[in-house]
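FYI, side chains are in, hydrogens and waters are out, and symmetry mates aren't considered; it's all heavy atoms of this structure. Chain identifiers are assigned alphabetically (A, B, ...) following the order of the sequence lines, protein sequences preceding nucleic acid strands; residue numbering begins at 1 within each chain.
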Amino acid sequence: MSDKPAVYAEGITRIFGDVKALDGMDLVVQRGQVVGLLGPNGAGKTTMVRILSTLLKPTGGHAEVAGFDVVKQANQVRRMIGLTGQYAAVDEYLTGRENLRMFGDLFHLTPKYVKARSEELLTSFDLDDAADRSVRTYSGGMRRRLDLAASLIARPEILFLDEPTTGLDPRSRLGMWQVINDLVADGTTVLLTTQYLEEADQLAQDIVVIDHGHVIAHGTAEQLKDQIGGDRIEVTVHDAATAERAARAMESVISGHPLIEGNKISAPVSGGSMVLVGAIRALDLEQIEITDIMLRRPTLDDVFMSLTGHLAEDETQRPEPTRRRGVRRR
Amino acid sequence: MSAITVGRPVALRRPIYGWALHDGFVVARRNLIQTLRVPELLFFSLVQPVIFVLLFAYVFGGAIPIPGDGASSADAANAYRQYLMPGIFGQTVAFAAAASTVGLAEDMSRGIIDRFRALPMSPSAVLLGRTFADAVRQILVLAVLSITGLLVGWRINNGLFSALLAYALLLFFAYTVAWVGAWIGLSVPNPETANTAGLAWLFPLTFLSNAFVPISSMPDWLQPIAAYNPISTLVLSTRELFGNPTGIQPHYWSLDHAALYTLISCAVLIGIFAPLAVRKYRNATSR
């Protein structure tokens, strides 16, 4: 079993009605690895995690977690995994400590172990003071931490984190990153989904970019950034009519295809701030009047722009089945 | 996480009664803790049956004669209160089903159900725990109702043992309808619908019975329906066990063997609705 990858998925398809949420998704996560599943809303990230954590059955394809088939050996899979979703999956009326005890009991662990492990998790997740308060009184960040603690009660070998920081304020997000990094240092295999390149960059060694239910790129953060051309230059010209001319003028300093939107030009560049000087000189030479010019780190939109040729739009037409009670049943 | 000192997880040995019951008790404990954390809900679930007792005892009481009992009007009113209380008991435990419907629908609409489903726990535990907790809650409700009944003149006339049997039968019935309620809770699309759907079937079920009026006072075509309604046989059995007046019964097999018919009905209902509910739960995708 130990020689099998933590996650192995091949050709996973999942259809909701006439919507193809996953379309031939392949994924391999080695033991001890941290893999980030990066994609816009509706790309199929949550659906993939729900299939791997046995909550959803795939329409087609084959997936194994810790060497167990997610459909035929669901209960063995459940013993090996922890899952933290986009919504805190804890009981509102119970206290933090009662929640951990309940989940530990349902994992069929001895009361003595559950008690000791709960204390340990409450301490390391900074929930000591709130342990005996009803979860209703918790802040968003505290709920997420308790939720993660609940996932860790049985020390799972493989942890699925579905957008672990969505909806958190920046401070809570940093705290969550710290907690995840500690887990990783501890040897836990982690598959996390995120909409933010920065988050994938912070947490994951390997990033798998998905769109429309299948993988469009994978590699380390560095490799992906090289692929999309590192930093980008963004120039706003005074007169939209001069945008085309400005893009041509900068041809020598940019390193990829420029994107023109109204009076804004954006293009990948390689090299540091000297690029800015070069661009200003080139534009000045052509006597094009600019109102703004800057260098910025690539965003998810840029990754998608360069990988797929379209922006990572928020596709409300193809939602992941988030809280859609209509699709539950049968 | 550097503070980790606890070693590898230690697994529990399988209890002799099996994992389903073990997990069911864990979930039931959670549901009962929830009840204690929202005392307002508990309070109002007690107020409603108490109001029913007072309404029927003082508003309708004088107007509904119990055939075969009481000569004077004061006796008649007292006889009706004796007759009424088991009816209120029966109606109240039947309404326990609504709590199961709403409770489960709420669970299903929340993230916690995903955690339950991703745990290596018994798939029937959430339902076992819900139905069990909802039945246990009825112990408190029956206690409050009994005290109210004693205050308005109701009496236990047949000894403690028979009375305990009556309460046990009421609780078993509560547990049975909780499964029906659970199945409805899993079938509705959201908690709002559960609020309505959970109650809709209970009003005709409880009023088409001998809970408040004698079956003999109903039109002929309605009598067999009321006679084979398990609420009627439950109420009749408890009247007999408490030694309260039963009125004159038309002859139907169910009424002649009220306790037996009640037990059979419960077994059949659980036999139908428990597997249906568990299957629905297994196939449900909460999001």
Side-chain angles (χ1 to χ4, degrees), chain A residues 46 50 53-56 74-79 81-83 85-94 98-99 102-113 116-117 119-120 123-124 134 136 147 150-151 153-155 160 179 182-183 185-186 320-330, chain B residues 1-15 19 22-27 29-31 33-38 41 105-123 125-126 129 186-191 193 279-287:
Chain A
T46 296
R50 289 176 69 80
S53 54
T54 76
L55 293 178
L56 264 183
N75 243 7
Q76 282 98 314
V77 171
R78 289 173 189 147
R79 271 178 222 294
I81 62 166
L83 168 67
Q86 294 175 36
Y87 306 93
V90 288
D91 192 291
E92 290 274 300
Y93 294 102
L94 267 53
E98 284 167 346
N99 265 293
M102 170 171 70
F103 294 124
D105 287 348
L106 291 173
F107 240 107
H108 304 160
L109 304 171
T110 59
K112 200 177 148 210
Y113 174 81
R117 178 69 174 150
E119 294 312 315
E120 176 182 270
T123 306
S124 49
S134 165
R136 271 183 301 179
D147 193 43
S151 308
I153 193 89
R155 293 176 154 272
F160 296 113
V179 166
D182 286 347
L183 279 172
D186 217 37
E320 284 173 66
T322 33
R323 301 225 151 241
R324 231 182 18 167
R325 297 262 303 174
V327 299
R328 89 176 180 85
R329 47 146 276 159
R330 310 216 321 144
Chain B
M1 297 295 293
S2 50
I4 284 190
T5 49
V6 179
R8 302 300 309 165
V10 189
L12 206 60
R13 271 228 304 278
R14 186 179 181 281
W19 288 124
H22 170 272
D23 297 348
F25 281 126
V26 174
V27 177
R29 187 179 68 204
R30 165 226 176 200
N31 290 340
I33 294 174
Q34 282 184 338
T35 306
L36 297 178
R37 297 281 151 79
V38 199
L41 190 66
E106 278 179 354
D107 273 355
M108 296 305 286
S109 71
R110 295 205 174 119
I112 192 164
I113 211 73
D114 278 349
R115 184 169 300 288
F116 283 145
R117 292 181 62 242
L119 285 175
M121 63 190 263
S122 158
V126 170
L186 292 169
S187 308
V188 294
N190 53 47
T193 315
R279 202 175 67 184
K280 245 197 161 54
Y281 174 81
R282 274 184 202 241
N283 295 330
T285 308
S286 68
R287 292 180 189 159

Please check if the side chain of [X] supplies one atom and the backbone of [Y] the other of a donor-acceptor pair under 3.5 Å.
{"X": "B:Arg30", "Y": "A:Glu98", "value": "no"}
{"X": "B:Arg110", "Y": "A:Val90", "value": "no"}
{"X": "B:Arg115", "Y": "A:Asp147", "value": "yes"}

Do A:Pro111 and B:Leu12 make a side-chain contact, defined as non-hydrogen atoms from C-beta onward lying under 4.5 Å apart?
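Result yes, sub-4.5 Å side-chain heavy-atom pair found.
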Note, A:Phe103 side chain near B:Met121 side chain (heavy atom, < 4.5 Å)
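No. Closest side-chain heavy atoms not under 4.5 Å.
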Check each atom of B:Arg29 against the heavy atoms of chain A and say whether the ones under 4.5 Å are side chain, backbone, both or neither.
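Only the side chain of B:Arg29 comes within 4.5 Å of chain A.
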Other residues, nucleotides and ligands only: do more than 12 of their heavy atoms fall within 6.0 Å of CZ on B:Arg37?
yes
Sequence neighbours left out, what passes salt bridge (Lys or Arg N to Asp or Glu O under 4.0 Å) with B:Asp23? Give chain and number order.
none
Identify the two heavy atoms, one from A:Arg155 and one from B:Pro9, that lie closest to each other, and give their separation to 0.1 Å.
CD-CD, 3.7 Å
Once the angle between the rings of B:Trp19 and A:His108 is folded into 0 to 90°, is it parallel (under 30°), tilted (30 to 60°) or perpendicular (over 60°)?
parallel
Leading residue by heavy atom contact count with chain B [cutoff under 4.5 Å; candidates A:Ser53, A:Ser134, A:Ala150]:
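The option with the most such pairs is A:Ala150.
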Counting heavy-atom pairs under 4.5 Å with chain B, which one of A:Asp105, A:Val77, A:Ile153 comes out on top?
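The answer is A:Asp105.
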Drop me the distance from [X]'s [atom1] to [Y]'s [atom2], to the nearest 0.5 angstrom.
{"X": "B:Ile112", "Y": "A:Met102", "atom1": "CD1", "atom2": "CE", "value": "4.0 Å"}
{"X": "B:Ile113", "Y": "A:Leu55", "atom1": "CD1", "atom2": "CG", "value": "10.5 Å"}
{"X": "A:Phe107", "Y": "B:Leu119", "atom1": "CZ", "atom2": "CG", "value": "5.5 Å"}

Heavy-atom pair count under 4.5 Å with chain A, highest-scoring of B:Ala11, B:Ser122, B:Ala118:
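The option with the most such pairs is B:Ala118.
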Kindly write out the residues that satisfy side-chain hydrogen bond (donor to acceptor under 3.5 Å, both in side chains) with A:Glu119, not counting sequence neighbours, or none if the list is empty.
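Applying side-chain hydrogen bond (donor to acceptor under 3.5 Å, both in side chains) to A:Glu119 gives A:Arg97.
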